[in-house]
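Have a look at the structure below, then the notes.
Counting begins at 1 with the first residue of the sequence. In each ligand, atom 1 is the first atom listed, and ligand 1 is the first ligand listed.
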Amino acid sequence: MHLIETRNLSYQYTSSRKALDGVNFFAPRNSRIAVIGSNGAGKSTLFRHFNGILTPSSGQVLVRGEQITKKNLKEIRKFVGLVFQNSDDQIFSPTVEQDIAFGPTNLGLDTETVEHRVSSALKMLGIEHLLDRVPHHLSGGEKKRVAIAGVIAMEPEVLVMDEPTAGLDPEGRDDLILFMNDLVKTYGMTVVFSTHELDLIPSMADYIYVMDKGRICAQGTVEEIFLQEDLLRRVHLTMPVLPKLIRTLQNQGIEISMAYTYEEAEAAFLEAFNGRA
Ligand SMILES: Nc1ncnc2c1ncn2[C@@H]1O[C@H](COP(=O)(O)OP(=O)(O)OP(=O)(O)O)[C@@H](O)[C@H]1O
């Protein structure tokens with residue numbers, strides 16, 4: 001049984017084109033899944049189905065094998081935490097502390113547990129110093145961390161993040177990648193996210209879904225997707241810079257292994273060029 005599964009999921013806002021059209025998606029336990037696609041491809045619409053914010057026009061959404069109903073909605077939202085693309089849609093309390101406490105308090109947890117959850121979430125996101133700040137006065141990157149902390153404080157088993165790296169500075173992005181990987185490795189969580197920063201995906205995901213015009217047009221491992229240059233071009237995406245450079249060198253007859261992360265590329269270049277003048 002998958003933690004999240006959609007079967008032939010379609011969704012239509014009031015406009016004529018379907019925002020989702022027959023989407024079959026699944027997230028197994030302990031996986032790191034990237035969903036990519038150009039603007040308007042349907043990524044946010046898909047994510048909003050995972051915890052019942054949107055209800056399918058047709059098809060099914062199953063969470064732990066169960067369809068989402070009014071009765072299990074609260075339980076589902078505890079299980080699947082969704083971080084919105086725009087942090088302002090998520091943050092509304094007068095202080096950061098109150099904002100992060102909002103979710104756990106709503107779960108009916110006692111004060112001591114709520115305090116513990118809030119301080120752990122602040123620590124995990126490295127934002128203890130923001131505790132008393134007014135959320136709406138924070139920078140974009142700070143707001144993003146607060147929004148993620150608020151969801152983490154609910155201790156979901158699946159964390160769904162819509163463009164989590166957008167607006168973060170380079171250090172903030174690196175911290176987020178380490179944090180996400182730690183959630184999966186140390187806490188056994190499942191992470192599903194969307195991004196336009198394809199270069200980051202090899203260090204953040206094991207599996208990729210490619211969306212175009214409301215459909216899943218390809219899916220596979222990082223290697224399987226990023227070597228399909230034609231497919232990426234067709235859906236208005238570009239191959240990440242490291243595999244693209246290595247592919248160019250290979251096409252020029254240089255013997256070098258394909259690589260996707262910085263560390264892999266460093267090893268591949270050293271192996272290929274070691275000893276050359
Ligand atoms: N509230 C809404 N009302 C009407 N149409 C909407 C609404 N939200 C999204 N859409 C439309 O649904 C389609 C999918 O949008 P969605 O936001 O899911 O795309 P996305 O892949 O997340 O895009 P982006 O990368 O720009 O965030 C688009 O055509 C969009 O215009």
Does the plane of the ring in F273 sit parallel, tilted or perpendicular to the ring in F269? Use 30° and 60° as the thresholds.
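The rings of F273 and F269 lie parallel, inter-plane angle below 30°.
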Does the plane of the ring in F92 sit parallel, tilted or perpendicular to the ring in F102? Use 30° and 60° as the thresholds.
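If you compare the ring of F92 with that of F102, the planes turn out perpendicular.
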Does a donor on one side chain sit under 3.5 Å from an acceptor on the other, for Q219 and Y207?
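Present: a donor and an acceptor within the cut-off.
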I'd like to know if the side chain of S203 pairs up with that of Y262 as donor and acceptor (distance under 3.5 Å, no hydrogens or angles considered).
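On atom types as modelled, these side chains do not qualify, holding no pair under 3.5 Å.
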Ligand 1 N/O within reach of [X] N/O, cut-off under 3.5 Å:
X: G40; answer: yes
X: G37; answer: no
X: R48; answer: no
X: D162; answer: no

Taking only heavy atoms of [X], which atoms of ligand 1 are found under 4.0 Å from at least one of them?
X: H196; result: 25 (O)
X: N39; result: 23 (O), 24 (P), 25 (O), 26 (O)
X: E163; result: 25 (O), 27 (O)
X: A19; result: 12 (O), 13 (C)
X: Q85; result: 27 (O)
X: R17; result: 29 (O)
X: A41; result: 19 (O), 20 (P), 21 (O)

So which heavy atom in the protein is nearest [atom], and how far is it from that ligand atom?
atom: atom 6 (C) of ligand 1; answer: Y13 CD1, 3.2 Å
atom: atom 17 (O) of ligand 1; answer: S44 CB, 3.7 Å
atom: atom 18 (O) of ligand 1; answer: T45 OG1, 2.5 Å

Stepwise, does the side-chain hydrogen bond (donor to acceptor under 3.5 Å, both in side chains) test hold for S57 with Q12?
CA-CA 6 Å; S57 301; Q12 193 154 7; 5.7 Å; no
Rounded to the nearest 0.5 Å, what separation is found between the CD atom of E97 and the CD atom of E115?
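Output value for this atom pair is 7.5 Å.
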Student check: side-chain heavy atoms of E163 and T195 closer than 4.5 Å
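Not touching, per the 4.5 Å side-chain cut-off.
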Would you check if R48 and V160 make a side-chain contact, meaning some heavy-atom pair closer than 4.5 Å?
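They are not in side-chain contact.
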If the test is side chain to side chain contact (heavy atoms under 4.5 Å, CB included), which one of V134, L131, L122 qualifies with V96?
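Single pass found, and it is L122.
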So for atom OH, which belongs to Y13, do other residues, nucleotides or ligands contribute more than 12 heavy atoms lying within a distance under 6.0 Å?
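Yes, enclosed.
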Is at least one protein non-hydrogen atom found at under 4.0 angstrom from atom 24 (P) of ligand 1?
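Given the 4.0 Å limit, the answer for atom 24 (P) of ligand 1 is yes, a protein heavy atom qualifies.
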